[in-house]
Amino acid sequence: MTITIRRFQPADAPAVAALVAQTLRTTNAADYSADYLNRLIHRLTPAAFSQRAQHTHFYVFCDHDQIVGTGAIGPYWGSTTEMSFFSIFVAPAYQGRGIGRLIITTLEHDDYAQQAQRIEIPASITARPFYERFGYHLKHPQTQPDAEGLYRLEKNITP
């Protein structure tokens, strides 16, 4: 398996939306209700991903011509020193094969990350342990997910 990495292109939007919907319905189903996932999928349309790509460095990870992973980094609420990761997903059939690690490594080496003093990740219940392995930790004491069903993780970057 050879994974290629490139920046998101507008034509990728339908494939990205389909990959995200499949991943949410498969991987996240053990941690979230079907109703919650369906509401989320309804908001994560091709147009939503195209819009996100306009304000972030959005990457796709491909096995030949098939998109098998996604991830984006961009400013945290307009900050120039704080960044956030977005839309990190790996197709269920490709999970456990190092693509998630490749996504995090790619995002942490992006120009935005290089200027960051802090990176935040809105993490699903499902993904929280994965991010913690990379040194991300809870931003605030949180025993349950927030109102959006997420944990807010962060990592301070030493300049």
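FYI, the numbering just counts along the sequence from 1.
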Taking every non-hydrogen atom, the tightest pair across [X] and [Y]:
X      : Y      : answer
Pro46  : Ala13  : O-CB, 3.4 Å
Thr56  : Gly74  : CG2-CA, 4.1 Å
Leu37  : Ala29  : CD1-CA, 3.8 Å
Pro122 : Phe85  : CD-O, 3.3 Å
Ser124 : Asn28  : OG-ND2, 3.4 Å
Tyr131 : Ala123 : CD1-CB, 3.6 Å

Measuring from [X]:[atom1] to [Y]:[atom2], what's the distance to the nearest 0.5 Å?
X      : Y      : atom1 : atom2 : answer
Thr106 : Tyr59  : OG1   : OH    : 7.5 Å
Ile103 : Ile73  : CD1   : CD1   : 13.0 Å
Tyr32  : Asn38  : OH    : CG    : 14.5 Å
Met83  : Glu120 : CE    : CD    : 12.5 Å
Ile121 : Ile119 : CD1   : CD1   : 7.5 Å
Leu102 : Ile3   : CG    : CD1   : 7.5 Å

pair [X]-[Y]: side-chain heavy atoms closer than 4.5 Å:
X      : Y      : value
Leu107 : Tyr112 : no
Thr70  : Ile88  : no
Ile157 : Gln117 : no
Pro75  : Glu82  : no
Ile41  : Arg25  : yes
Leu40  : Arg43  : yes
Ile125 : Tyr151 : yes
Phe130 : Ile104 : yes

So that I can tick it off, tell me whether Arg6 and Asp12 are bridged by a salt bridge, with the cut-off set at under 4.0 angstrom between side-chain N and carboxylate O.
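Counted as a salt bridge, because a side-chain N and a carboxylate O are separated by less than 4.0 Å.
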Salt-bridged, Glu154 to Arg118, with N to O below 4.0 Å?
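Answer for the salt bridge query: yes.
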Return the set of residues passing salt bridge (Lys or Arg N to Asp or Glu O under 4.0 Å) with Arg52 (not counting sequence neighbours), or none when no residue passes.
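For Arg52 there are no salt bridge (Lys or Arg N to Asp or Glu O under 4.0 Å) partners, ignoring immediate neighbours.
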For a side-chain contact (heavy atoms from CB on, under 4.5 Å) check, start with the C-alpha distance between Val20 and Phe49, then their side-chain angles and the critical distance, and finish with the verdict.
CA-CA 10 Å; Val20 169; Phe49 289 109; 3.7 Å; yes
Between Gln142 (side chain) and Gln144 (backbone), is there a donor-acceptor pair under 3.5 Å?
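Yes; at least one donor-acceptor contact below 3.5 Å.
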Give the C-alpha distance, both sets of side-chain angles, the deciding distance and a yes or no for side-chain contact (heavy atoms from CB on, under 4.5 Å) between Asp63 and Ile99.
CA-CA 10 Å; Asp63 183 8; Ile99 296 170; over 6 Å; no
Test side-chain contact (heavy atoms from CB on, under 4.5 Å) on Val60 and Arg7 and set out the steps.
CA-CA 6 Å; Val60 294; Arg7 292 287 287 273; over 6 Å; no
Walk me through whether Thr80 and Gln115 qualify under side-chain hydrogen bond (donor to acceptor under 3.5 Å, both in side chains).
CA-CA 7 Å; Thr80 59; Gln115 67 188 26; over 6 Å; no
Geometric cation-pi criterion, Arg97 with Tyr94: 6.0 Å, 45°
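Relative to the ring axis of Tyr94, which defines the angle, Arg97 lies inside both limits.
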Thr126: which of Asp31, Thr27, Thr23 passes side chain to side chain donor-acceptor pair (under 3.5 Å):
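The option that passes is Asp31.
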Where do Glu108 and Lys155 land on the side-chain contact (heavy atoms from CB on, under 4.5 Å) test, with the steps shown first?
CA-CA 11 Å; Glu108 287 185 338; Lys155 182 194 277 189; 3.0 Å; yes
Within one Ile-Leu-Val-Met-Phe-Trp-Tyr cluster: Leu19 and Phe86, side-chain cutoff 4.5 Å
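Looking at the clustering, Phe86 is in a separate group from Leu19.
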Can you tell me if Glu132 has over 12 outside heavy atoms packed within less than 6.0 Å of its CD?
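Yes, because the 6.0 Å sphere around CD of Glu132 holds more than 12 heavy atoms from other groups.
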